[in-house]
Number of protein chains: 2
Amino acid sequence: MPTSDVRSKILEEATRLFAARGFEGTSIQAIAEAVGVRKPSLLYHFKSKEELRQAVLDELLTRWNEVLPELLMAAAEVDRFDGVLDAMADFFLEDPDRARLLVRETLDRPEDVRQRLERYVRPWVDVALSQLSKAQREGHVHAKADLPAYVVHLVQLVVGSIAVMDTLVALLPEDAGDRRQRLRAEMRRMARSGLFAPRPKNYEVAAE
Amino acid sequence: MPTSDVRSKILEEATRLFAARGFEGTSIQAIAEAVGVRKPSLLYHFKSKEELRQAVLDELLTRWNEVLPELLMAAAEVDRFDGVLDAMADFFLEDPDRARLLVRETLDRPEDVRQRLERYVRPWVDVALSQLSKAQREGHVHAKADLPAYVVHLVQLVVGSIAVMDTLVALLPEDAGDRRQRLRAEMRRMARSGLFAPRPKNYEVAAE
DNA sequence: CCTACCGATCGGTAGG
DNA sequence: CCTACCGATCGGTAGG
């Protein structure tokens, strides 16, 4: 085991608590209790609360960078767009705390997050953009779409919706079956209809 | 003057600071300083920090409820949809702290916000939905659209995007003119294309 | 990884 | 609207 068991448990509980209560709303005492150690033991692994914050965010964005680029780089397929969109949604739905943490951090430290997005997210956004531009020139994508702005909104739509999903589902009619599933399906539909020119059956992004 | 000058100044500074640093990240001492009074004076106007939080949120949602319903109820016009969407965007762009506060509060107190949305937002969402349903039956709106889910996502798109707009614009190419304006225009385009069936020129919601 | 302890700041009150 | 003050908790350190 490369990193100690306690260290990764601290990261796990810190992620959970920062997401639920925010950084300022979470004491290192509370994290230590959740882990099952004393406060000074936590501070042996992370020299300060600020260092723990950075480590939590680092881990989140590192995992993001493990999952998404390879999907984006994969051989062109008919449903590439759906694949990337679903993978992004899956990543955050798998643990909605990731979305909440990212939104909180963006509100708490806009400049810090901006620099991280520049480093972690922009590269694969640029790849997606070059493919989408090609599809736009070929007429598969709405000519009027402002692609960089579209992608930014799409990411915000996915991350933001998942971050507050538990509150949003409550606004849907109660009788509806799986309200989360409905929100997700409609998110996908909105993403597609905002992108693809009206050729219902032929929507691939980069079919060679 | 119905409410004292100091009281409204406290609400104003509290809104600003809660939005920027969060509730837990803002001390009542800091708010008192921003207002120019001592801490116990602030606590004369609001018996506790919690009471101040509720008052700040009340004011925000009350203003929302002053602006939006009348717009929604106004006589049917060709560009009703754009009108409502723009009014909503204007409301939050006029003071982006409103969006940030709402997002933070949703993360901090999901159940509390859910109940308030039920009271403040749901009524006019229901009005919008009945009009959109009619438009959908008449074929102006995508048949596949899940309208309740669509509206929920649309509100989240507007509020969420504005809440983190300063960070998002930094992801757009630097050369672009007014990047905020670009984001806003694309938001509008996404909202429309997700809703209206492909009849480019005829997009009104409820034209009698 | 622990006990013991630090100064600073927190939300809030007494009393005028 | 103020001065003066409260106990509790904060992040962090000494020392082992």
Side-chain angles (χ1 to χ4, degrees), chain A residues 1-60 100-101 104-105 107-109 111-112, chain B residues 1-60 97 100-101 104-105 107-109 111-113:
Chain A
M1 43 195 79
T3 54
S4 90
D5 206 44
V6 172
R7 187 189 156 89
S8 59
K9 187 112 191 269
I10 291 172
L11 280 174
E12 186 185 321
E13 296 295 340
T15 301
R16 193 175 58 80
L17 287 166
F18 287 163
R21 309 177 190 173
F23 180 77
E24 300 287 352
T26 305
S27 64
I28 52 183
Q29 170 70 31
I31 300 168
E33 267 174 30
V35 173
V37 296
R38 305 286 178 177
K39 200 170 55 168
S41 309
L42 187 154
L43 287 164
Y44 162 77
H45 291 282
F46 301 92
K47 278 186 291 188
S48 67
K49 195 186 179 187
E50 176 61 28
E51 194 175 297
L52 178 55
R53 163 181 230 153
Q54 299 295 336
V56 163
L57 199 54
D58 273 339
E59 210 210 27
L60 166 63
R100 294 182 196 117
L101 198 80
R104 281 192 187 276
E105 205 66 21
L107 292 169
D108 285 350
R109 309 276 192 97
E111 181 54 26
D112 191 73
Chain B
M1 43 196 77
T3 55
S4 90
D5 206 44
V6 172
R7 187 189 156 90
S8 59
K9 186 112 189 271
I10 291 172
L11 279 174
E12 185 186 323
E13 296 295 340
T15 300
R16 193 176 57 81
L17 287 167
F18 287 163
R21 309 178 191 173
F23 179 77
E24 300 288 351
T26 305
S27 63
I28 52 183
Q29 170 70 31
I31 300 167
E33 266 173 31
V35 172
V37 296
R38 303 288 178 176
K39 200 170 53 166
S41 309
L42 188 155
L43 287 166
Y44 163 77
H45 291 282
F46 301 91
K47 280 187 288 188
S48 68
K49 196 187 179 187
E50 177 61 28
E51 194 175 296
L52 178 54
R53 163 182 231 154
Q54 299 296 336
V56 164
L57 199 54
D58 273 338
E59 210 210 26
L60 167 63
D97 283 343
R100 292 181 197 117
L101 198 80
R104 282 193 187 275
E105 206 65 21
L107 292 169
D108 285 351
R109 309 274 193 99
E111 182 53 26
D112 192 73
V113 169

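Only heavy atoms go into these numbers, but all of them, side chains included; no hydrogens, no water, no symmetry mates. The structure presented is a predicted model; accordingly, all values stated were derived computationally and were not measured. Proteins come first, then strands; the chains are lettered A, B, ... in the order of their sequence lines, and each starts at number 1.
Residues A:D108 and B:R104 have side chains in contact (heavy-atom distance under 4.5 Å, counting atoms from C-beta outward). Between B:V56 and B:L60 the shortest side-chain heavy-atom distance does not fall below 4.5 Å.
Between the C1' atom of D:dC10 and the CD atom of A:E50 lies a distance of 16 Å, rounded to the nearest Å. In this structure, the NZ atom of A:K39 is 13 Å from the P atom of C:dC2, given to the nearest Å. The CZ-P distance, from A:F46 to C:dC1, rounds to 11 Å in whole Å. One can place CZ of B:R38 at 15 Å from C1' of D:dC5, the figure rounded to the nearest angstrom. A straight line from CZ of B:R53 to P of C:dG11 spans 12 Å, rounded to a whole angstrom. Whole-Å rounding puts the A:E51 CD to D:dG11 P distance at 15 Å. In this structure, the CD1 atom of B:I31 is 11 Å from the P atom of C:dG12, given to the nearest Å. Separating the CZ atom of A:R21 from the P atom of D:dC10 is a distance of 10 Å, rounded to the nearest angstrom.
The pairing partner recorded for C:dC1 is D:dG16, the criterion being a Watson-Crick or G-U wobble arrangement whose two distances lie under 3.5 angstrom. Across all strands shown, C:dA8 forms a Watson-Crick or G-U wobble pair with D:dT9, both key distances being under 3.5 Å.
For the side chain to side chain contact (heavy atoms under 4.5 Å, CB included) with B:I31, the qualifying choice from B:T15, B:L11, B:L17 is B:L17, the only one to do so.
Using a 4.0 Å cut-off between a side-chain N of Lys or Arg and a carboxylate O of Asp or Glu, A:R16 and A:E13 qualify as a salt bridge. The pair B:E50-B:R109 counts as a salt bridge, with a side-chain nitrogen and a carboxylate oxygen less than 4.0 angstrom apart.
The side chain of A:P40 lies closest to C:dA4 when the candidates are D:dC1, C:dA4, D:dG12. Residue B:K49 has its side chain nearest to C:dG12 when only C:dC2, D:dC1, C:dG12 are considered. Comparing C:dG11, C:dC2, D:dC10 against the side chain of A:Q29 picks out D:dC10 as the nearest. The nucleotide whose nearest atom lies closest to any side-chain atom of A:S48 is, among C:dC1, D:dC1, D:dG12, D:dG12.
Place A:F23 and B:L42 on DNA chain D by their nearest nucleotides, and B:L42 ends up nearer the 5' end.
Side-chain N/O atoms of B:S27 include none lying less than 4.0 angstrom from OP1 or OP2 on C:dT9.
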